[in-house]
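Inspection log for the structure reproduced underneath, given as structure tokens.
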Amino acid sequence: SKFRSKFQNNKKLKTIRFMTPFEITCLHCKNKIKKGKKINVFKETVLSKTYFGIKILRFYFRCPTCFKGITLKTDPKNFSYLAEINCNKV
């Protein structure tokens, strides 16, 4: 698939098992991904941004229903995550 092959060749990305930190709604199919659902994600360090020396991480994964790419980013300032691309925090 295009999404997997796009990120699989990148050496900076690692595949990890991740639990969703909050309920997420996909903007394409309106599917709700429950808090605590385990999913495989690609983890990337955002090189251009830090918060007082703390690295900011970005997580890429797919919606289980429509298979569109979804992105979350860590928010160390508020001790949380940000819904970044193709999703909303419920």
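For the atom pair E44 CD and I56 CD1, the distance stands at 12.0 Å (nearest 0.5 Å). Between atom CG of residue N40 and atom CZ of residue R17 there is a gap of 5.0 Å, rounded to the nearest 0.5 Å. I70 CD1 to F59 CZ: the interatomic distance, rounded to the nearest 0.5 Å, is 14.5 Å. The line from OG1 of T65 to NE2 of H28 is 12.5 Å long, rounded to the nearest 0.5 Å. In this structure, OH on Y81 lies 10.5 Å from CG on D75, to the nearest 0.5 angstrom. For the atom pair NZ of K77 and CZ of F52, the computed distance is 8.5 Å after rounding to the nearest 0.5 Å.
Proximity of a side-chain donor or acceptor of T74 to a complementary backbone N or O of L57 within less than 3.5 Å is detected. Judged purely by atom type and a 3.5 angstrom limit, T20 uses its side chain to pair as donor or acceptor with the backbone of G36.
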I24 vs L72, side chain to side chain contact (heavy atoms under 4.5 Å, CB included): CA-CA, chis, key distance, verdict: CA-CA 10 Å; I24 299 168; L72 297 177; 3.9 Å; yes
Criterion ring pair (Phe, Tyr, Trp, His ring centres under 6.0 Å) on F61 and F42, from CA distance to verdict: CA-CA 7 Å; F61 62 98; F42 293 106; over 10 Å; no
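In the hydrophobic cluster analysis, where Ile, Leu, Val, Met, Phe, Trp and Tyr join through side-chain heavy atoms closer than 4.5 angstrom, I33 is grouped together with I16.
Side chains of K68 and C29 form no contact here, defined as non-hydrogen atoms less than 4.5 Å apart. When side chains are defined from C-beta on, C26 does not count as touching N88, because their heavy atoms never get closer than 4.5 Å. Counting only heavy atoms from C-beta outward, the side chains of R58 and T71 approach each other to under 4.5 Å.
Across A83 and C87, no two heavy atoms sit closer than the pair CB-SG, 3.6 Å.
Between E84 and K73 a salt bridge is recorded (basic side-chain N to carboxylate O distance below 4.0 Å).
Annotation: cation-pi pair K35/F22 absent, no NZ/CZ under 6.0 Å from the ring centroid and within 45° of its normal.
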